[in-house]
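All values reported here derive from a predicted model rather than from experimental measurement. What you see below is based on every heavy atom in this structure, not just the backbone, and it leaves out hydrogens, waters and symmetry mates. Just so you know, ligand 1 is whichever comes first in the structure, and atom 1 is the first atom listed for that ligand.
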Amino acid sequence: MLDKNSSTQNISGYFQLEPVGSKLADLETPVPVIDVRIAHRNLVRWQEHCDKQGLKNRPHIKTHKLAGFAKLQLALGAHGVTVQKLGEAEAMAAHGVSDMLLTFNVVGESKLRRLAALNSRADMKVVADSEMVVRGLQKAAQASGKALSVFVECDTGMGRNGVQSPAAATSLANLIAQTDGLHFDGLMTYPKVGLRREAQAFLAKAKRAIFAEGLDVPVVTSGGTPDMWKDDDLEGIDEYRVGTYIYNDRSLVERGVCGFEDCALTVLSTVVSRPIPNRAMIDAGSKALTSDLLGLTGYGVARESNFSRVYDVSEEHGFLDVSAMPNALQVGNQVRIVPNHVCPVSNLFDKVVLIDGERVLGAVRVDARGAVT
Ligand SMILES: Cc1ncc(COP(=O)(O)O)c(C=O)c1O
């Protein structure tokens with residue numbers, strides 16, 4: 001296992017770095033910059049917490065989409081990773097990551113063929129919430145010549161995918177257990193923020209009903225960064241999936257989950273125009289920051305101007321409110337924006353830059369960028 005006090009050099013060893021200069025001023029913008037020390041600290045803090053709680057850590061790679069960070073997470077003690085799409089799993093498998101839980105129904109002949117190919121070279125676990133999905137998974141398992149582990153996805157309040165009741169979870173668990181080539185591995189949920197207690201009640205009821213049918217429930221897996229530090233409603237949960245915790249973002253700061261000092265990814269951008277004293281125009285718009293609001297006002301905040309807001313975006317322009325410090329920023333100055341929601345930002349760039357404080361370590365290709373199928 002990797003030393004939890006690893007040096008930046010050790011962390012960099014997980015990546016194939018391309019030289020892009022040595023200081024932030026050398027970088028072309030907009031570009032996401034990731035402070036590896038902050039990311040590493042976020043990973044270690046959570047892994048230590050999981051170890052103390054006896055909770056298995058299965059981080060979601062959809063936030064960083066980087067094989068290097070997936071391997072670092074595993075080296076720190078994660079017992080597998082979570083992926084949301086087949087493309088993410090393929091990108092991770094290409095770098096030797098094997099134990100993966102794919103938390104999205106695989107539907108359609110061509111995707112089932114891709115799943116079969118993945119299952120023959122990696123340790124794949126998947127989810128299902130209907131008989132139709134289970135039937136497809138059976139075909140994929142047969143085509144791969146290897147059993148597939150299947151979790152029943154439960155909608156415990158999110159109102160997204162998932163069976164709607166403990167009784168429905170029980171009958172689907174039975175179907176999976178009786179299907180050749182499939183192994184019933186347990187229950188999976190992604191609870192709505194603040195609804196973990198409701199999730200726990202649903203899962204406990206489903207588990208009891210499945211036990212009563214004579215089946216085992218090997219793993220109950222839950223997740224979510226916003227509630228990750230709340231321990232009071234985790235009884236019955238074996239495994240926890242967190243994604244955003246590696247980088248954090250403005251939405252998590254606003255929720256009180258972390259501070260700005262814990263935000264590892266910022267979007268480095270340049271002031272390109274100062275048309276009026278109260279407004280600085282930057283070169284990061286919706287194509288760099290996304291237009292996700294997550295209930296917040298504005299599209300991100302700038303560290304260099306006292307966390308003033310990017311109050312509007314067009315595709316390539318960001319409108320930064322500098323009314324509180326009208327003389328602070330000039331054309332050519334760089335600012336680092338903490339985005340509202342960091343996960344989709346990773347999907348917008350072919351490459352990100354790793355840094356250590358103000359020192360640039362190198363650029364790295366985002367392995368699963370655009371892997372949305
Ligand atoms: C199924 C599933 N599990 C885990 C996560 C991780 O959530 P977070 O990024 O809040 O940690 C997500 C996030 O979208 C998810 O969809």
Return all side-chain donor-acceptor pairs below 3.5 angstrom for residues 363-373, not counting sequence neighbours, or 'none' if the list is empty.
residue	atom	partner	partner atom	Å
Asp367	OD1	His95	NE2	3.2
Asp367	OD2	Ala67	N	2.7
Arg369	NE	Asp350	OD1	2.6
Arg369	NH1	Asn347	O	2.7
Arg369	NH2	Leu348	O	3.1
Thr373	OG1	Arg114	NH1	3.2

For a quick test of your reading: what N or O donor-acceptor pairs under 3.5 Å do the side chains of residues 323-331 make, sequence neighbours left out?
residue	atom	partner	partner atom	Å
Ser323	OG	Asp321	OD1	2.6
Gln330	NE2	Asn327	O	3.1

In order of chain and number, which residues sit within 4.0 Å of ligand 1 by heavy atom? His60, Lys62, Gln84, Thr103, Arg160, Met188, Tyr190, Gly224, Thr225, Pro226, Arg241, Val242, Gly243, Thr244
Assess the pair Phe69 and Phe15: is the distance between their ring centroids shorter than 6.0 Å? yes
Under 30°, 30 to 60°, or over 60°: which ring-plane class applies to His49 and Trp46, parallel, tilted or perpendicular? parallel
Pairs under 3.5 angstrom only: tabulate donor-acceptor contacts from the side chains of residues 277-284 to other protein residues two or more places apart or in another chain.
residue	atom	partner	partner atom	Å
Asp283	OD1	Thr270	N	2.8
Asp283	OD2	Thr29	OG1	2.5

So which of Leu148, Leu175, Asp180 actually passes side-chain contact (heavy atoms from CB on, under 4.5 Å) with Gln138? Asp180
